[in-house]
Amino acid sequence: MAAVDVALWDLKAKRAGLPLAKLLGAYRDSVRVYNTSGGYLQAPIEEVKEKAGQSLKSGIGGIKIKVGQPDMREDLRRLAAVREHLGDDVPLMVDANQQWDRASALRFGRAVEDLGLVWIEEPLDAYDAEGHAQLAAALDTPIATGEMLAGVPDLVRLIDLRAVDFLQPDVPRVGGITPYLKVAALADHAHLQVAPHFVMEIHVHLAAAYPRDSWVEHIEWLSPLFEERLEIEDGRMLVPDRPGLGLSLSGRARDWRLDEVEFRADGR
């Protein structure tokens with residue numbers, strides 16, 4: 001459903017001769033961008049620091065690193081080293097990928113309150129809306145989650161319980177741009193920030209059309225699919241000014257496409 005829905009929105013914007021962001025009513029021509037690549041748990045801390053510096057030099061505005069080591073003290077050491085390396089003014093986020101129980105997440109959150117993090121992402125099981133709500137109420141550091149949820153009702157539950165400060169819907173997972181827009185409207189009504197997960201090629205348009213200045217995640221994994229590249233300047237990702245999503249398939253991607261599929265009686 002998501003693939004068809006995205007394709008139809010892309011086609012609609014192209015027929016209107018507008019970038020998708022403009023079709024949706026863009027509030028801005030660029031959005032804040034942060035980088036995750038390089039901050040993974042298995043990477044030595046010196047490598048994490050080096051890649052974070054490279055990201056900033058390339059124009060990216062914020063850095064996210066992974067946390068969730070078996071020993072939380074190692075997370076705290078690594079995080080403190082990155083903050084010292086980057087300085088106090090660089091936006092810094094952490095992502096636990098659902099690694100903790102409620103007590104551990106609260107202990108971590110209290111330990112990092114003075115680091116000025118933009119958010120703590122997925123500290124708990126993705127479906128533990130009540131637990132996220134308790135954390136959000138107990139901590140000054142904002143809580144972010146929602147990327148793993150595959151239905152509008154689950155995301156709405158996060159909103160209703162005030163379980164997040166940054167909602168992180170994912171267009172492919174939630175079923176496309178249409179359900180994403182429904183969730184975004186409810187998030188705005190609740191005065192929440194959004195920081196859509198992954199697929200920056202789609203989300204840059206949706207973040208630009210959200211009333212509050214959003215963050216988009218820079219992950220370059222899909223770049224080989226397209227001829228165009230998203231531009232980044234001064235910590236922000238520029239919204240393409242071409243019609244639709246502003247993307248065309250690369251020659252390599254066209255070679256992967258199947259125009260016809262044959263189904264045989266033997267199931268092969």
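- Side-chain contact between Leu186 and Leu155 is absent, with no heavy-atom pair separated by less than 4.5 Å.
- Side-chain atoms of Val67 and Asp95, non-hydrogen and from C-beta on, never get closer than 4.5 Å to each other.
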Got a list of side-chain donor-acceptor pairs under 3.5 Å for residues 13-24, not counting sequence neighbours?
unit_1: Lys14; atom_1: NZ; unit_2: Asp10; atom_2: OD2; d: 3.1
unit_1: Lys22; atom_1: NZ; unit_2: Asp29; atom_2: OD1; d: 3.2

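- Of the possible donor and acceptor atoms, one in the side chain of Arg162 sits under 3.5 Å from a partner among the backbone N and O of Ala190.
- Residues passing the ring pair (Phe, Tyr, Trp, His ring centres under 6.0 Å) test with His205: none are found, sequence neighbours excluded.
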Checking side chain to side chain donor-acceptor pair (under 3.5 Å) for the pair Ser37/Trp221: CA distance, chi angles, key distance, verdict?
-> CA-CA 10 Å; Ser37 301; Trp221 298 344; 4.7 Å; no
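- Between Asp234 and Arg32 no salt bridge is recorded (no basic side-chain N to carboxylate O distance below 4.0 Å).
- Tyr34 has its side chain out of reach of His218: every pair of non-hydrogen atoms, C-beta onward, lies at least 4.5 Å apart.
- The closest side-chain heavy-atom distance from Thr145 to Gln98 is not below 4.5 Å.
- Ile159 and Val171 fall within the same hydrophobic cluster, defined by Ile, Leu, Val, Met, Phe, Trp and Tyr side-chain heavy atoms under 4.5 Å apart, directly or through other members.
- Side-chain atoms of Asp165 come within 3.5 Å of backbone N or O of Ile143 as a donor-acceptor pair.
- Contacts of Arg157 classified as side chain to side chain donor-acceptor pair (under 3.5 Å), with partners at least two apart in sequence or in another chain: Glu130.
- Side chain of Arg28 to main chain of Tyr210: a donor-acceptor pair is present (N/O by atom type, distance under 3.5 Å, no hydrogens or angles).
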Evaluate the side chain to side chain donor-acceptor pair (under 3.5 Å) criterion for residues Glu233 and Ser30: first the C-alpha distance (whole Å), next the side-chain angles of each, then the deciding distance (0.1 Å), finally the verdict.
-> CA-CA 9 Å; Glu233 294 180 2; Ser30 66; over 6 Å; no
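- Take Trp100 and apply the ring pair (Phe, Tyr, Trp, His ring centres under 6.0 Å) test, not counting sequence neighbours, and it matches Phe108.
- Through direct or indirect side-chain contacts shorter than 4.5 Å among Ile, Leu, Val, Met, Phe, Trp and Tyr, Leu238 is connected to no other residue.
- The two residues Pro172 and Ala2 make their nearest non-hydrogen contact at O-CB, 3.4 Å.
- Considering all non-hydrogen atoms of both residues, Pro179 and Gly175 come closest at CG-C, 3.6 Å.
- Taking the side-chain contact (heavy atoms from CB on, under 4.5 Å) definition, one finds that Tyr127 meets it with Asp125, Leu149, Asp154, sequence neighbours left out.
- Ser250 places none of its side-chain heavy atoms less than 4.5 Å from the side chain of Phe226.
- Identified under the side chain to side chain donor-acceptor pair (under 3.5 Å) test for residues 77-91, with sequence neighbours left out: Glu74-Arg77.
- With sequence neighbours excluded, the residues satisfying ring pair (Phe, Tyr, Trp, His ring centres under 6.0 Å) with Phe166 are Trp119.
- A continuous path of ILVMFWY side-chain contacts below 4.5 Å connects Val90 to Val94, so both sit in one hydrophobic cluster.
- The cluster map of Ile, Leu, Val, Met, Phe, Trp and Tyr, joined by side-chain heavy atoms under 4.5 Å apart, puts Ile219 and Leu247 in the same cluster.
- To the nearest 0.5 angstrom, Ile120 atom CD1 is 7.5 Å from Leu135 atom CG.
- Annotation: the span from His203 atom NE2 to Ile177 atom CD1 amounts to 8.0 Å, rounded to 0.5 Å.
- By the side-chain contact (heavy atoms from CB on, under 4.5 Å) test, Val82 is found to be paired with Ile45, Val48, Lys49, Ile65, Leu86, Leu92, residues two or more places apart in sequence or in another chain being considered.
- The nearest pair of heavy atoms linking Pro240 to Leu245 is CG-O, 4.0 Å.
- Inter-residue side-chain proximity for Gln134 and Leu161 is flagged as unmet; no heavy-atom pair is nearer than 4.5 Å.
- Just one of Asp188, Val152, Leu158 meets the side-chain contact (heavy atoms from CB on, under 4.5 Å) condition when paired with Val183; it is Val152.
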Distance-only donor-acceptor pairs under 3.5 Å for side chains of residues 191-202, two or more places apart:
unit_1: His191; atom_1: ND1; unit_2: Arg212; atom_2: NH2; d: 3.1
unit_1: His197; atom_1: ND1; unit_2: Asp170; atom_2: OD2; d: 2.6
unit_1: His197; atom_1: NE2; unit_2: Glu147; atom_2: OE2; d: 3.3

Trace of the side chain to side chain contact (heavy atoms under 4.5 Å, CB included) decision for Val239 with Leu230 = CA-CA 8 Å; Val239 179; Leu230 292 169; over 6 Å; no
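- When the side chains of ILVMFWY residues are joined at heavy-atom separations under 4.5 Å, either directly or via intervening members, Leu76 and Val118 end up in two distinct hydrophobic clusters.
- A heavy-atom distance below 4.5 Å is not found between the side chains of Ile63 and Pro91.
- Leu41 is listed as a side-chain neighbour of Gln69, based on a closest heavy-atom distance under 4.5 Å.
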Could you walk me through whether Lys66 and Thr36 pass the side chain to side chain contact (heavy atoms under 4.5 Å, CB included) check?
-> CA-CA 8 Å; Lys66 300 290 186 177; Thr36 300; 4.0 Å; yes
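- Judged as a side chain to side chain donor-acceptor pair (under 3.5 Å), the pairs with a partner in residues 223-232 (not counting sequence neighbours) are, in order, Glu228-Ser248.
- Each of Val204 and Leu206 belongs to its own hydrophobic cluster when Ile, Leu, Val, Met, Phe, Trp and Tyr are linked at side-chain heavy-atom distances under 4.5 angstrom.
- The list of salt bridge (charged side-chain N to carboxylate O under 4.0 Å, His left out) pairs with a residue in residues 99-123, not counting sequence neighbours, reads Lys64-Glu121, Arg102-Asp128.
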